[in-house]
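Letters A, B, ... are given to chains in the order of the sequence lines, protein chains preceding strands, and every chain is numbered from 1. These numbers come from a predicted model, not from an experiment.
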Amino acid sequence: MSSGNQQQKEIPKQYDPKTIEDQWYSYWMEQDHFRARTDSGKEPFTIMMPPPNVTGALHMGHALQGAVQDALTRLKRMQGYEALWLPGTDHAGIATQNVVERELRKTENKTRHDIGREAFVDKVWEWKEKYGEIITRQYSKLGVSCDWSRERFTMDEGLSNAVQETFIRLHNEGLIYKGNYLVNWCPVDMTAISDEEVEHVESKGYMWHIAYPLDEETASRSGIKHITIATTRPETIPADTAVSVHPQDERYQSLIGGHAIVPTTGRKVPIIADDYVKMDYGSGALKVTPAHDENDFEIGQRHSLPVINIINKDGTLNDASGKYSGMDRFDAREAIVRDLEEEGLLVRVEDYVNQIGVSSRSKAIIEPLLSDQWFVKMKPLAEKAMRASRDGEFRFYPPRWENEFFRWMENIRDWVISRQLWWGHRIPVWYYTLEDGSIDRSRDYVVSIAQPEEGMVQDPDVLDTWFSSWLWPFSTLGWPEKTRDFEYFYPTSVLVSGYDILFFWVSRMLMGGIHFTGQAPFHDVFMTGIVKDKLGRKMSKSLNNGIDPLEMIDQYGADAVRYCLIILCAQGQDIKLDPTKFEMGRNFANKLWNAFRFLNMHLDPDAGYAHEWSHDPRAEKELPLHDRWMLSRIHQTIADVDDDLSRYRLNEALLKIYSLVWDDFCDWYLELIKPEYGTPMGRKAAERAIIHFETLLKLLHPFMPFITEEIWQRLRFRSASEALIVSTWPGHNEAMIHTDAVELFTTIQQLISSIRNIRSEMRVPDQLEVDVIIRPATPETAKALATHRPMFDKMLRMDKFTVDHSAERPAASASDVVGGHQIFIPLTGLIDFDREKERIGKEITRLESFLQSVEKKLSNRKFLDNAPEQVVQNEKKKKEDARLNLQKMQTILAD
RNA sequence: GGGUGGUUAGCUCAGCUGGUUCAGAGCACCUGCCUUACAAGCAGGGGGUCACUGGUUCGAAUCCAGUACCACCCACCA
């Protein structure tokens, strides 16, 4: 499908993306244009695609980031870099395990425990093989030019190897440890999760005030019978091992050192004093439950309190809770409150709103539970990353994210990396066993990838999904092997990601990359906003407010979707998306399509159009004004666009290209080169137009790859290997900017606009041709304008056209002044004097106030003294223009 | 409790290093047009005290401080 306009006869008026998108994607793939090479001698440009979950379906966030990454990749490829965009997927531990478990239940009515670990993991792999490619296929629909030959999966052999390797390294460095600590436990997924995976949600609940009886001795000593504590979690009462008050609290001085009786169990616990307790909060007395609350755990440590665990891993209460054993924690809460009330110990109940932690995955309420887990000491890693940041080894765009990054790094806590799941990277740790097969706790574990000794068993846990993700920028390139890919493409150029995973992923990659490879894994971090619904809510399954990118692509075309997402992607701002916004992109694609149809009518399919002139400045001078203007506009835009893109202002760049295509090229340039009725367009003119158009297509290609490739291929015969995707990005050439041409052309544009305005305001019937008299400010302009009369003919309905430096204003004419040039249009019989007077009056008022402000400024000594010369000159020129225009308008009004 | 972002046209939003030719885009609206590329279009037009209050400056939508509201992130007060 390499050649030009074979379907010339029947090009539909409306662009239909469906007919071409898949074909071009296949073509690019067949031509191997996405593949990056290590032997080209070009400078590398690398982006690692944030790996979507294998369970996932493409959502708008992916589409946005895909559009951004692809635009950057295609741009750099065209700019002569060896561009590698490496795709892949994430095994997504919990999410995937859940999906397969659900399926297992549905199809075989079994749990994972029914079939056993090995069989279950096999099933997950099967599932992954079958469904894991869905999301990457969906990505292709968007037109992403990533190197599929290098696609990776976080549980690939190589990546798994990197994971084990890093675990062992960190362990050897003393940065990994195992310990029995309170962790965030998800009773639904039955695993520990990290602090980052816990969300805090506001929840309406109660604060129960409960009287704890004092033991006899304390009561008789103090003369007090009860101490009242306040709690939001009465179900943990059986696990209390102390009551605590503030050491300085007057009310409780006599109780410190005494004992209270824990309701429901009758256990006697000490009353202790600890600074942590706030005197003015609640009753000033706190029940201490070290096994089920982080703060209480710390208090317990300080006072050597026993730790009584009453909650099982599934959220039910265990035998240590006494009669509540076997009840779910929330049922137990009700039961205990009921019992307390019966015993008369419930003092009062208040409504209370608090923040509760829920698992970001299952949304289950997190239970702080003591358990054996593996941790990474993060401080040393964070310090290195912060140093690298200060040294400018990587930069955030927009820069404010650096502060957020630092805030987190400075308060970093150790990372729980073990998960009680089956799907994931096994922890490379082995235990000796006793004769009955159970773990021999008297002997140390051994860290090793392979089983070190017959009979040893491997740690049953797997690693947090992010423990493989944080290696992504280099594990995907073959690290820890010193591969050619790694040497050539690492460190990567830019990471494109949403800020929602700054802590989960971006920060950890920086820490990991710097620690393991000695280099920041990317130079730039471009943080995009988050795509939300039109009310500003996150898109989620539960709200059912998602907009499916595939549906949108189907409806509007991939280019339209990409256009829209990028144009809305302003520096770090969230995007409130409404499906109708894709019409913008669709309309623009259609505009391009029709510009092509127009040119196509004048194409000579057999011609091989020459284009040497565009590179020959001498030939340049022979060019018509509108070509010199168009070239100037194009090259000015290229300069702006290059600058915008280098700072990740993709929206600004795209908007400028949009305006160049639509406003300049379509509305002016193409209109001006339209041939006369019935006459064919001159071949030269067609050639020039096509060459401009090709440049525009190049500029647009990174953003709208399909339609630009389609049109580009149809514009000329191309050899099989020629493609827009591998064409050269047009460089900015200052010599192509002709200020004189721009100035004159702009004047003509203004004159034409003004004449159109007069016609419209004066309600001149459309068919009626008018006389146009222009009295330019200078004889030179008069000469120039007269030369360009054909331009006026093209754009206006004129009977006669007079350009005369000394023209008199005919009676009964409508008039205007632009840039000192006067326009008269005799409209005998048609002119509505009141209307005209009003129009001119309005213009005069505008000019007067403008002139006034400029004069005020220019009469200000301080302005003259302080403002840069250029600005002052500018103001003077403005003043002069305004004064001239005003004068003429006033004369006209007087007439 | 700490922090970040937002507040600009009826709606959704751009507007970088301050300079009345930057107050702008798309949609919506009004007036003409099915002009042989495009009605998903063309031409013309209306519409904004740039949240508020101060400050810095010759000059502020833009920089600073404070206020109000909205959104988000972080945080161990039961």
By the 4.0 Å heavy-atom rule, please label [X] as base, sugar-phosphate, or nothing.
X       : value
R797(A) : nothing
W208(A) : nothing
E404(A) : sugar-phosphate
N757(A) : sugar-phosphate
K674(A) : base
A230(A) : base
D667(A) : sugar-phosphate
K576(A) : sugar-phosphate
K656(A) : base
S659(A) : nothing
F582(A) : nothing
F588(A) : nothing
R413(A) : sugar-phosphate
G284(A) : base

Side chain of [X] only, heavy atoms from C-beta on: which candidate in [options] is closest?
X       : options                : value
K581(A) : U12(B), A14(B), A37(B) : U12(B)
Q573(A) : C72(B), C38(B), A14(B) : A14(B)
F863(A) : A71(B), C58(B), G44(B) : C58(B)
S760(A) : G41(B), G15(B), G44(B) : G44(B)
E761(A) : A37(B), G45(B), A78(B) : G45(B)
R400(A) : C74(B), G5(B), A37(B)  : G5(B)
A570(A) : G26(B), C73(B), A14(B) : A14(B)
D644(A) : C16(B), U4(B), A37(B)  : C16(B)
E652(A) : G2(B), C42(B), C16(B)  : C16(B)
K278(A) : A25(B), C77(B), G44(B) : C77(B)

Integer angstrom distance from the [atom1] of [N] to that of [M]:
N      : M      : atom1 : answer
C27(B) : G54(B) : C1'   : 37 Å
G2(B)  : A75(B) : C1'   : 7 Å
G1(B)  : G46(B) : C1'   : 50 Å

**OP:** Describe, in one word, how the ring planes of W662(A) and Y658(A) are oriented to each other, choosing from parallel (under 30°), tilted (30 to 60°) and perpendicular (over 60°).
**Re:** tilted
Subject >> Ring geometry between Y669(A) and H692(A) (parallel below 30°, tilted from 30 to 60°, perpendicular above 60°) >> reply: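 Geometry flag for Y669(A) against H692(A): perpendicular rings.
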Original post:
Taking 4.0 angstrom as the limit, do K538(A) and E199(A) come out as a salt bridge?
Top reply: no
Original post:
Are E710(A) and R714(A) within salt-bridge range, i.e. N to O under 4.0 Å?
Top reply: yes
**OP:** Start with the C-alpha gap between Y181(A) and D414(A), add the side-chain angles, then the distance that decides, and say whether side chain to side chain donor-acceptor pair (under 3.5 Å) holds.
**Re:** CA-CA 11 Å; Y181(A) 295 95; D414(A) 287 356; over 6 Å; no
Pair partner, [N] [Watson-Crick or wobble, under 3.5 Å]:
N      : result
G44(B) : C30(B)
C72(B) : G3(B)
A65(B) : U53(B)

So does [X] reach the base of [N] with its side chain, donor to acceptor, closer than 3.5 Å?
X       : N      : value
E583(A) : A40(B) : no
K13(A)  : C38(B) : no
E294(A) : A78(B) : no
R756(A) : A43(B) : no

Original post:
In this structure, which one of Y556(A), W593(A), F588(A) forms a ring pair (Phe, Tyr, Trp, His ring centres under 6.0 Å) with Y15(A)?
Top reply: W593(A)
Subject >> D274(A)-S244(A) side chain donor-acceptor pair, cut-off 3.5 Å >> reply: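 No, no side-chain donor-acceptor pair sits under 3.5 Å.
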**OP:** Give a yes/no on whether any side-chain N or O of W662(A) is located under 4.0 angstrom from OP1 or OP2 of C42(B).
**Re:** yes
